[in-house]
Amino acid sequence: MIDIRLFRENPAFLKEACRLKRVNVDVDAAVKLDEQRRDIIQEEENLQAERNRVSKEIGAKKKAGEDAAEVMEQMRKVGDRVKELSQQRGEIEQRLHDIALSIPNHPGPGEPEGAGEEQNVEVAQWGKKPAFDFEPKPHWELCEKLGMVDWKGGPKLAGSGFVLYKGTGARLERALINYFLDTHITENGYTEFFPPYLSNRDCMTGTGQLPKMAEDMYHCEKDDLFLIPTAEVPVTNIHRDEILDDSQLPLYYTAYTACFRREAGAAGKDTRGMIRVHQFNKVEMVKIVKPETSYAELESLRGNAEKLLQNLGLHYRVLQLCSGDISFAAAKCYDLEVWAPGCDKYLEVSSCSNFVDFQARRANIRYKDKETKKTVFAHTLNGSGLALPRAMIAVIENNQQPDGTIRIPKVLQRYMGGMEVIGA
RNA sequence: GGAGCGUUGUCCGAGCGGUUGAAGGAGCUGGUUUUGAAAACCAGUGUGGGGCAACCCACCGGGGGUUCGAAUCCCUCACGCUCCGCCA
């Protein structure tokens with residue numbers, strides 16, 4: 001959430017954020033509401049102060065055995081008026097809050113401006129597209145032939161957009177998850193968590209999925225719980241409503257979870273294979289850091305994700321997202337896209353974002369700064385490291401051989417019981 | 001699902017309906033003492049909001065109510081603990 005003080009201090013900044021993120025919000029209406037709110041507060045608090053003062057006098061009078069009926073009647077009227085004002089204020093604050101929640105985070109200075117993905121800027125590349133002396137096949141054919149996925153099973157069990165991995169397919173998925181997690185906890189200094197897959201409304205609002213993304217999430221009405229669309233939600237919310245000690249920061253957390261997305265607006269896109277599905281696996285990295293370090297932390301976070309692709313020997317490119325393509329809550333974002341020769345396109349396997357204080361403000365994650373002795377909002381970041389099944393697709397399609405077998409990258413072999421080739 | 005108990009500041013923990021923003025600890029910060037450290041002693045130390053300011057207001061799990069006045073009484077919801085039932 002944006003700082004509501006900005007409604008009176010710098011509404012232009014908020015309008016700019018909306019314009020850059022291509023979001024339409026009536027900032028001027030909020031500015032007016034904010035003024036009304038302050039007027040009411042003034043009157044309300046004056047009356048409360050009066051009531052507090054007189055009430056003490058009533059106490060004193062009664063103790064002295066004097067009659068206080070008249071002033072008590074007066075104060076009853078004051079109380080009624082306060083109640084009235086407080087109700088008015090409540091309504092205004094609700095509307096103000098709704099508007100505040102719908103204002104996106106301002107992209108940091110120097111972010112490329114643009115309307116959509118066409119304006120994203122490629123900032124790095126690693127490796128190159130592998131050369132095949134045969135026509136590389138798409139993963140759905142390879143998986144079918146090797147019995148790695150039961151393509152009928154997912155739809156039969158849950159519906160289209162669900163995948164039933166099988167045999168070496170299931171094991172390869174698990175190998176990638178373990179490889180990613182182990183790397184983060186042994187080499188990159190992250191602490192592993194294994195959170196619930198359902199989160200409550202407070203968590204969803206804290207990280208910014210609600211109210212905007214409600215349509216994209218699976219919701220259990222009876223319990224008012226949401227299936228998490230990413231581990232970012234539970235992991236970032238671990239410290240919701242807490243004041244951390246300065247010495248605890250930075251916090252590096254990682255978690256594997258399944259992720260659930262209704263993909264409400266994506267009908268017809270990537271329907272073939274398992275590029276876009278309703279349930280997928282992902283290892284996520286989350287950082288909670290001091291403000292002055294967050295942009296540097298974003299670079300190292302991105303480095304952690306990139307290293308995984310490098311060790312798998314997969315060619316990828318890094319995009320810096322333009323203002324219109326950065327997510328609602330983020331200030332700066334890199335996407336890592338891995339090359340998939342069978343699909344003949346780049347696939348997004350990681351999105352690394354700096355949210356600065358936007359999520360922290362919503363989720364109320366603060367820390368006590370030792371130097372200034374102030375309680376301030378922390379900065380939060382997160383990034384995939386990495387998202388399945390796209391990483392799996394890349395491994396399969398890049399390592400295929402003319403006979404349809406698949407070489408297993410060196411770093412994964414120990415997780416596959418020493419297996420070197422699938423289908424040999 | 002039923003019954004009982006509980007939820008107070010960074011943490012632990014008191015709290016009769018009126019001067020309690022909240023006793024007492026712990027922690028933290030500063031000071032005295034010490035060759036230095038520890039200990040001891042003294043002082044300070046919550047969050048949010050309104051106002052140029054003096055200052056004022058709100059906050060004792062969330063929401064509502066009673067009252068001139070609520071951390072304290074009532075209702076309700078959430079969470080936690082204990083016991084019972086049910087299931088694994």
Side-chain angles (χ1 to χ4, degrees), chain A residues 1-10 30-101 195-196 198-206 210 219-226 234 237-249 251 288 290 357-358 360-378:
Chain A
M1 182 163 64
I2 51 97
D3 187 341
I4 55 162
R5 264 186 294 238
L6 289 170
F7 281 129
R8 57 177 173 284
E9 286 172 5
N10 199 351
V31 171
K32 281 212 185 72
L33 286 171
D34 182 59
E35 280 170 22
Q36 286 178 33
R37 172 177 162 270
R38 274 145 54 215
D39 287 345
I40 291 177
I41 285 175
Q42 297 252 21
E43 186 181 351
E44 193 186 352
E45 290 193 349
N46 285 341
L47 290 174
Q48 283 176 323
E50 186 189 352
R51 184 176 64 182
N52 287 345
R53 185 171 47 75
V54 176
S55 287
K56 277 181 191 171
E57 291 172 13
I58 291 173
K61 275 192 176 179
K62 285 199 156 184
K63 226 167 230 170
E66 294 172 38
D67 176 57
E70 198 179 319
V71 260
M72 278 166 68
E73 175 58 18
Q74 265 176 37
M75 285 308 104
R76 208 180 54 73
K77 281 183 187 148
V78 169
D80 289 345
R81 177 65 182 153
V82 167
K83 211 167 275 183
E84 212 174 288
L85 287 167
S86 143
Q87 199 186 336
Q88 277 178 31
R89 182 170 50 82
E91 283 163 20
I92 287 172
E93 284 179 345
Q94 182 61 52
R95 280 155 66 196
L96 198 56
H97 188 66
D98 288 346
I99 296 176
L101 280 180
L198 289 162
S199 279
N200 60 31
R201 217 163 255 286
D202 288 343
C203 291
M204 289 299 169
T205 307
L210 287 179
H219 180 217
C220 307
E221 269 187 36
K222 211 167 177 178
D223 304 287
D224 199 24
L225 292 170
F226 296 84
N237 276 287
I238 289 171
H239 295 294
R240 175 161 46 86
D241 290 325
E242 286 183 14
I243 298 175
L244 299 162
D245 192 88
D246 179 294
S247 62
Q248 289 175 266
L249 303 182
L251 292 168
I288 299 177
K290 294 187 190 179
D357 64 355
F358 191 85
R361 197 180 293 283
R362 284 182 167 230
N364 199 23
I365 303 169
R366 296 171 294 173
Y367 75 97
K368 197 92 170 174
D369 189 276
K370 210 172 178 128
E371 311 253 307
T372 63
K373 290 177 188 166
K374 288 274 187 189
T375 307
V376 295
F377 289 108

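Chain identifiers are assigned alphabetically (A, B, ...) following the order of the sequence lines, protein sequences preceding nucleic acid strands; residue numbering begins at 1 within each chain.
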Inset, instruction - Would you mind pulling out the nucleotide paired to B/A70, Watson-Crick or G-U wobble, both distances under 3.5 Å? - result: none

Inset, instruction - Take atom CZ of A/Arg95 as the centre, draw a 6.0 Å sphere, and report whether it contains more than 12 heavy atoms from other residues, nucleotides or ligands. - result: no

Legend entry - Value in whole Å for how far the C1' atom of B/C77 lies from CG of A/Asp202: 13 Å

Legend entry - Value in whole Å for how far the C1' atom of B/G49 lies from CG of A/Leu96: 13 Å

Legend entry - Presence of salt bridge, A/Lys61 and A/Glu57, under 4.0 angstrom: no

Inset, instruction - Provide the distance between the two C1' atoms, one in B/G9 and one in B/A3, to the nearest whole Å. - result: 33 Å

Legend entry - side-chain N/O A/Asn46 vs B/C56 OP1/OP2, d < 4.0 Å: no

Inset, instruction - To the nearest Å, give me how far apart CD (A/Glu57) and C1' (B/C68) are. - result: 11 Å

Inset, instruction - Could you tell me the separation between the CZ atom of A/Arg362 and the P atom of B/G48, rounded to a whole number of Å? - result: 19 Å

Legend entry - Ion pair check, A/Arg81 and A/Glu84, cut-off under 4.0 Å: yes

Inset, instruction - Specify the separation, in whole Å, of atom CD1 of A/Ile92 and atom P of B/G50. - result: 14 Å

Legend entry - Gap in Å between the two C1' atoms, one belonging to B/U66 and one to B/C75, rounded: 10 Å

Inset, instruction - Considering only atom P, compute the distance from B/A40 to B/A26 and round it to an integer number of Å. - result: 8 Å

Inset, instruction - Determine which nucleotide pairs with B/G36, using a 3.5 Å limit on both distances of a Watson-Crick or G-U wobble pair. - result: none

Inset, instruction - Could you work out the separation of B/U20 and B/C56 based on their P atoms and round it to a whole Å? - result: 15 Å

Legend entry - Identity of whatever pairs with B/U29 - Watson-Crick or G-U, under 3.5 angstrom: B/A43

Inset, instruction - Would you tell me if any nitrogen or oxygen in the side chain of A/Arg38 comes within less than 4.0 Å of OP1 or OP2 on B/G51? - result: yes

Inset, instruction - Please indicate whether A/Glu73 has more than 12 foreign heavy atoms, meaning atoms of other residues, nucleotides or ligands, lying under 6.0 Å from its CD. - result: yes

Inset, instruction - Using the P atom as the reference point in each nucleotide, state the distance between B/C57 and B/G51 in Å, no decimals. - result: 16 Å

Inset, instruction - Take the protein atom CD of A/Gln42 and the nucleotide atom C1' of B/A53, then report the distance between them rounded to whole Å. - result: 13 Å

Legend entry - Same-atom distance (P) from B/G48 to B/U10, integer angstrom: 10 Å

Inset, instruction - Give A/Lys77 one of three labels, base, sugar-phosphate or nothing, depending on what nucleic acid heavy atoms sit under 4.0 Å from its own. - result: nothing

Legend entry - Any N/O donor-acceptor pair, A/Glu45 side-chain to B/G49 base, under 3.5 Å: yes

Inset, instruction - Could you tell me whether A/Arg366 contacts a base, only the sugar-phosphate backbone, or nothing, with contacts defined as non-hydrogen atoms closer than 4.0 Å? - result: sugar-phosphate

Inset, instruction - For A/Ala49 and for A/Phe377, locate the closest nucleotide of RNA chain B by heavy-atom distance; then report the residue assigned to the nucleotide nearer the 5' terminus. - result: A/Phe377

Inset, instruction - Remember a base hit wins even if backbone is also touched, and classify A/Arg8 as base, sugar-phosphate or nothing at under 4.0 Å, heavy atoms. - result: sugar-phosphate

Inset, instruction - Just call it for A/Ile58: base, sugar-phosphate, or nothing, with non-hydrogen atoms closer than 4.0 Å on any strand. - result: base

Inset, instruction - Given side-chain hydrogen bond (donor to acceptor under 3.5 Å, both in side chains), test A/Asn46 with A/Gln42 step by step and report yes or no. - result: CA-CA 6 Å; A/Asn46 285 341; A/Gln42 297 252 21; 5.1 Å; no

Legend entry - Separation of atom OH in A/Tyr367 from atom C1' in B/G46, rounded to whole Å: 18 Å

Inset, instruction - Report yes if a side-chain nitrogen or oxygen of A/Ser55 is closer than 4.0 Å to either non-bridging phosphate oxygen (OP1 or OP2) of B/G18; otherwise report no. - result: no

Legend entry - A/Arg38 CZ to A/Arg89 CZ distance, which is reported to the nearest 0.5 Å: 14.0 Å

Inset, instruction - Using the P atom on both, measure B/G49 against B/C12 and round to a whole Å. - result: 25 Å

Legend entry - Presence of A/Asn364 side-chain N/O under 4.0 Å of B/U47 phosphate oxygens OP1/OP2: no

Inset, instruction - Please state whether the phosphate of B/C57, meaning OP1 or OP2, lies under 4.0 angstrom from any side-chain nitrogen or oxygen of A/Arg89. - result: no

Legend entry - Below 4.0 Å: OP1/OP2 of B/G69 and any side-chain N or O of A/Lys61: no

Inset, instruction - Identify, between A/Gly79 and A/Arg5, the residue whose nearest nucleotide on RNA chain B lies closer to the 5' end. - result: A/Arg5

Legend entry - Check ion pair A/Arg37-A/Asp34 (N to O, under 4.0 angstrom): yes

Inset, instruction - Give none if B/A88 has no partner; otherwise give the nucleotide forming a Watson-Crick or G-U wobble pair with it, both distances under 3.5 Å. - result: none

Inset, instruction - Measure the distance from CG on A/Asn200 to C1' on B/G61 and round it to the nearest whole Å. - result: 14 Å

Inset, instruction - Determine the Euclidean distance between corresponding C1' atoms of B/C84 and B/C11; express it in Å to zero decimal places. - result: 35 Å

Inset, instruction - If B/A3 has a Watson-Crick or G-U wobble mate with both distances under 3.5 Å, name it; if not, just say none. - result: B/U82

Inset, instruction - Tell me, yes or no, whether the heavy-atom count around A/Gln248 atom CD, taken from other residues, nucleotides or ligands under 6.0 Å, exceeds 12. - result: yes

Inset, instruction - Could you tell me whether A/Met72 contacts a base, only the sugar-phosphate backbone, or nothing, with contacts defined as non-hydrogen atoms closer than 4.0 Å? - result: base

